[in-house]
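A short write-up of the structure that comes next.
Side-chain atoms are counted along with the backbone in the values below, which use heavy atoms only and exclude waters and symmetry mates.
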Amino acid sequence: METFAENLAHFSHGMAFLFFIVWTVRLFPLRRRNNMLKILFFGMAYMAFIEAKDTVYLADENWFSGYVTWLSVIADLPIVPILALFFFEAISPGYVTWTKASIVMLPFVCFIVSYIIWGESLILYVALAYTALTGVAAAVWAKILSARRTRVLKDNLSEIESVSLRWAAEVMCILLVLLISWSAIIWADNWLVDALFYIVSIIIWSYVLRISIKHGVMGLQPTANDMQEEAVPDMEPALGLYAERLNSSMEEDRLFLNPKLTLTDTAAVIGTNRTYLSRCINNELGTTFYDYVNGFRVREACRLMEEDGSRTLAEIAELSGFNSLSTFNRAFSRHSGCTPSSYLKQVSPPIREGSPDIPGQRESVRLKKSGNYKKLLSLCVWKIKNCKIWHVKSNSL
């Protein structure tokens, strides 16, 4: 059993090494797409180095050497600040610079060099404690950056699903669990535990890499109009006028029906720039661009439900300007205080007063209004078969 467990551990270790090598090669051409993928490329390259480094334990003299073991542990620690930089850049594009990255990485380089020279166990304990503090501080700072970034996105976009930051928090929690697991197994002497850790690491990193490549990065740079008007004197008196123009454009031109509407697009329509329109929405209307536009979309969705209760929620979401059903559900609940499905049940007329809400009921109403009696008869047959209802009267058609 011991031999099988040891062989499984070595096999899974080799799988992990090849996994990180393959992803390093795959990310090499993608690193130019944005800084987030560039940092992820360096992270995968370092993970490949970590797995290659651990092959020194194949020699028995290194396995029983405390100096080699703890040097290997210290060499693993820089992956924590690399992941922290990855999350900072994913949450706030452009935040990480070479200067910031150098400052974050420098202490870990010093720990490795110090241990190589002196080999004192105190250096190891200080390095482990500093890494733990770095992880906690990075999580807190990432939370702050996430709140700031979400506010920026909501001030500039009417749809943030494709650049949502929820995935970053989800991935951070998963990797935190993985790092805690690593901290536990370095003290354990069990081949099966090692094998399980490598296999779970491959699964987790597969998910992280897939969602990272899929994630959209939205850089919000000032436009020419923004930079030209930044030096203009106090524009507060004009904000009320911009608010009137904005409301008029939304109600008459129905700009909110564009699912990819941005603050810049809207500013061009009403004749101002992004800076002052954002100030108008924040100060005059007391909301964000995201919530403001989605408020119009929710009202449009309510109108569509009241007008024709036979439409599906997906159809209503699309006709109202939402580009996904999940965004529609969240926005509707936020603005109306109830879910779209419950609101649809409230406003949809029953077949007759007091009749129960049964499958196909709203479709029956729609077919009666349209005069499509052939399809209505087919629907009645379906209801009889599936709902055990036999209630067809001559006056119902």
Side-chain angles (χ1 to χ4, degrees), residues 91-95 144-168 215-230 232 234-303 316-337 340:
I91 292 170
S92 184
Y95 177 81
I144 295 173
L145 287 178
S146 180
R148 291 179 180 176
R149 182 63 179 175
T150 299
R151 177 72 188 193
V152 170
L153 292 175
K154 287 189 173 184
D155 279 341
N156 288 271
L157 305 175
S158 64
E159 189 280 317
I160 61 174
E161 190 76 15
S162 59
V163 289
S164 173
L165 302 178
R166 290 192 303 275
W167 73 274
H215 174 64
V217 175
M218 175 66 71
L220 300 171
Q221 302 298 330
T223 63
N225 287 338
D226 292 333
M227 292 187 288
Q228 289 174 3
E229 295 192 28
E230 276 182 358
V232 175
D234 183 25
M235 291 285 291
E236 292 298 328
L239 295 184
L241 177 62
Y242 290 149
E244 292 178 5
R245 290 182 184 174
L246 179 61
N247 287 328
S248 176
S249 295
M250 285 294 170
E251 293 172 358
E252 296 176 6
D253 300 332
R254 298 168 68 80
L255 300 178
F256 60 87
L257 294 181
N258 177 6
K260 295 184 179 180
L261 184 67
T262 66
L263 185 73
T264 303
D265 298 334
T266 308
V269 171
I270 69 171
T272 183
N273 72 346
R274 194 176 71 187
T275 302
Y276 288 111
L277 180 58
S278 178
R279 188 183 302 175
C280 166
I281 295 173
N282 296 157
N283 297 344
E284 287 290 315
L285 304 178
T287 185
T288 62
F289 179 72
Y290 175 81
D291 289 328
Y292 175 77
V293 174
N294 282 336
F296 279 93
R297 290 171 176 167
V298 169
R299 287 194 288 274
E300 175 68 9
C302 292
R303 186 189 69 78
I316 294 170
E318 183 178 357
L319 292 172
S320 303
F322 292 98
N323 73 337
S324 72
L325 190 57
S326 58
T327 303
F328 171 57
N329 288 329
R330 283 193 298 271
F332 197 96
S333 298
R334 176 182 175 84
H335 286 272
S336 68

Taking only residues two or more places apart in sequence, or in another chain, which ones meet Glu300 in a salt bridge (Lys or Arg N to Asp or Glu O under 4.0 Å)? Arg254, Arg303
Please name the pair of heavy atoms, one in Phe256 and one in Ser320, separated by the smallest distance, quoted to 0.1 Å. CD1-O, 3.8 Å
List the steps and the verdict of side-chain hydrogen bond (donor to acceptor under 3.5 Å, both in side chains) for Asn247 and Tyr292. CA-CA 10 Å; Asn247 287 328; Tyr292 175 77; 2.4 Å; yes
When rounded to the nearest 0.5 angstrom, what is the spacing between CG in Asp253 and OG1 in Thr266? 10.5 Å
With Arg299 as the cation and Phe296 as the aromatic partner, state whether NZ or CZ is under 6.0 Å from the six-membered ring centre and within 45° of the axis. yes
For the backbone of Leu261 and the side chain of Asp265, can you confirm whether one donor and one acceptor N or O come within less than 3.5 Å of each other? no
Using modelled atom types only, decide if a donor and an acceptor are shared between the side chain of Arg297 and the backbone of Ser158 within a distance under 3.5 Å. yes
May I have the step-by-step check of side-chain hydrogen bond (donor to acceptor under 3.5 Å, both in side chains) for Thr272 and Arg245, ending in yes or no? CA-CA 10 Å; Thr272 183; Arg245 290 182 184 174; over 6 Å; no
Any heavy-atom pair between the side chains of Phe322 and Asn329 that's under 4.5 Å? no
Heavy-atom closest pair (Leu285 atom, Ala243 atom, distance to 0.1 Å) is CD2-CB, 4.2 Å
Got Arg334 and Asp291 here, is their nearest side-chain heavy-atom distance under 4.5 Å? yes
Side chain to side chain, Ile281 and Thr287, heavy atoms closer than 4.5 Å: yes
With a 4.5 Å limit on heavy-atom distance, are the side chains of Pro259 and Glu318 in contact? no
Using atom types as modelled and distance alone, determine if a side-chain donor or acceptor of Asn273 lies under 3.5 Å from a backbone N or O of Tyr276. yes
Less than 4.5 Å apart, side chain to side chain, heavy atoms only: is that true for Ile160 and Arg149? no
Is there side-chain contact between Lys260 and Asn323, with at least one heavy-atom pair below 4.5 Å? no
Over all atoms of both residues, closest heavy-atom pair of Met250 and Val293: CE-CG2, 3.9 Å
Using side-chain heavy atoms (C-beta onward) and a distance below 4.5 Å, is Leu263 in contact with Ser278? yes
